[in-house]
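What follows is one structure encoded as structure tokens, with my remarks underneath.
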Amino acid sequence: MKLVLILVLFSSLMFAQQNPPTTVKYVDLKKYVGLWYEVAKIPNSFQDQCVKGTTAKYTLTKDGEIYVTNSCIDEDGELDAADGVVRVVDKKSNAKLEVSFVSFLGWRPFWGDYWIIGLDANYEWAVIGTPDRKYGWVLSRTPSQSAEVLAEINIILKQNGYYPGSFVSSPQ
């Protein structure tokens, strides 16, 4: 049984390395900025403190820089917020981004992948993934989405090698 599990994990890893998720063709960053509600995510250690109300607010400066503030409500009912910087990795599509929330005297040694793999035509929802599929988020302009939209998002997740069951709902 352990050998089968090891083989499944190895083949999944090989698939992820050879077939990274496919990003959307193009993201208009002026339309993308603003407030997004986290509808679902793959659980991760850097959001363990969040129990509800998780949002991301993106701001585009006149100089073309993008800032993000991620916030949530923690177990004590307190607001937990983190400010970061976004940089565009693929300037042709604007769909491959990186985010950093750590700065040492202006130097940012840590960047995390942020690939937009699904995006509503009207920028009402977005699906975010990473090349290794370790992380993923479903974002929405509203605190929730319809069952029809969530079904469409699940198709996008499956097409990109994600298991939709690994995503958990994020209470607002």
Side-chain angles (χ1 to χ4, degrees), residues 8-9 11-60 66-73 81-82 84 86-99 101 111-172:
V8 168
L9 291 173
S11 64
S12 295
L13 178 62
M14 292 304 295
F15 174 81
Q17 290 175 340
Q18 295 171 356
N19 301 300
T22 303
T23 62
V24 297
K25 300 260 186 256
Y26 181 74
V27 177
D28 181 339
L29 295 174
K30 289 179 182 174
K31 290 182 182 179
Y32 193 81
V33 295
L35 182 66
W36 291 93
Y37 294 89
E38 181 184 274
V39 174
K41 70 173 178 278
I42 295 175
N44 59 69
S45 61
F46 50 87
Q47 287 184 282
D48 280 347
Q49 77 284 6
C50 296
V51 295
K52 67 178 181 177
T54 302
T55 62
K57 184 174 183 182
Y58 297 89
T59 307
L60 183 63
I66 305 169
Y67 294 100
V68 60
T69 299
N70 287 352
S71 64
C72 68
I73 304 299
V86 179
R87 68 180 176 194
V88 178
V89 176
D90 178 359
K91 295 185 188 299
K92 186 175 181 182
S93 71
N94 293 334
K96 289 183 182 177
L97 308 169
E98 290 180 329
V99 182
F101 291 95
W111 291 87
D113 291 310
Y114 182 105
W115 288 15
I116 303 171
I117 62 173
L119 184 61
D120 175 63
N122 296 316
Y123 290 69
E124 293 299 314
W125 54 262
V127 183
I128 311 306
T130 60
D132 61 5
R133 295 176 182 81
K134 184 175 179 182
Y135 303 105
W137 294 269
V138 176
L139 305 177
S140 174
R141 295 294 188 181
T142 58
S144 63
Q145 280 294 332
S146 68
E148 294 81 17
V149 168
L150 293 175
E152 185 177 346
I153 289 169
N154 281 342
I155 291 169
I156 291 168
L157 290 171
K158 288 177 187 174
Q159 288 172 339
N160 282 283
Y162 277 95
Y163 172 60
S166 62
F167 284 75
V168 297
S169 294
S170 301
Q172 287 297 323

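Although no hydrogens or angles enter the test, the distance criterion places no donor-acceptor pair under 3.5 Å between the side chain of R133 and the main chain of Y163. The closest donor-acceptor contact from the side chain of N94 to the backbone of D28 lies at 3.5 Å or more, if one exists at all. In this structure a side-chain-to-backbone donor-acceptor pair under 3.5 Å is present from Q172 to E38.
For residues 26-60, every residue pair satisfying the disulfide bond (SG atoms under 2.5 Å apart) rule, not counting sequence neighbours, is listed here: C50-C72.
I128 contributes atom CD1, which lies 8.0 Å from atom CG of L119 (distance to the nearest 0.5 angstrom). Atom OG of S170 is separated from atom OH of Y37 by 13.5 Å, given to the nearest 0.5 angstrom. The distance from atom CG of L139 to atom OG1 of T54, rounded to the nearest 0.5 Å, is 10.5 Å. Rounding to the nearest 0.5 angstrom, the gap separating the CG atom in N70 from the CH2 atom in W137 is 8.5 Å. Within the model, atoms CG of N160 and CD1 of I155 stand 12.0 Å from one another, a figure rounded to the nearest 0.5 Å. W36 CH2 to E124 CD: the interatomic distance, rounded to the nearest 0.5 Å, is 7.5 Å.
Inter-residue side-chain proximity for Y32 and I66 is flagged as unmet; no heavy-atom pair is nearer than 4.5 Å. Using a 4.5 Å heavy-atom cutoff, the side chains of I153 and V39 are not in contact. Y162 is listed as a side-chain neighbour of I117, based on a closest heavy-atom distance under 4.5 Å.
Smallest separation of non-hydrogen atoms from S140 and T142: OG-O, 2.9 Å. Here the shortest heavy-atom pairing between P43 and S166 reads CD-O, 3.5 Å. Of all non-hydrogen atoms in N44 and K41, the two that sit nearest each other are ND2-CD, 4.1 Å.
Within the cation-pi definition used here (under 6.0 Å to the ring centroid, within 45° of the axis), R141 does not qualify as a partner of W125.
Contact check on E98 versus R87 returns a salt bridge, with a Lys/Arg side-chain nitrogen under 4.0 Å from an Asp/Glu carboxylate oxygen.
Qualifying ring-ring contact (aromatic ring centres under 6.0 Å, His included) partners for F46, counting only residues two or more places apart in sequence or in other chains: Y135. With sequence neighbours excluded, the residues satisfying side chain to side chain donor-acceptor pair (under 3.5 Å) with Y58 are Y114.
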Go through I116 and L97 one step at a time and tell me if the side-chain contact (heavy atoms from CB on, under 4.5 Å) criterion holds.
-> CA-CA 8 Å; I116 303 171; L97 308 169; 4.1 Å; yes
Derivation and outcome, side-chain contact (heavy atoms from CB on, under 4.5 Å), residues Y123 and V27 | CA-CA 9 Å; Y123 290 69; V27 177; 4.2 Å; yes
Under the side-chain contact (heavy atoms from CB on, under 4.5 Å) rule, what do V33 and T59 come out as? Steps first, then yes or no, please.
-> CA-CA 6 Å; V33 295; T59 307; over 6 Å; no
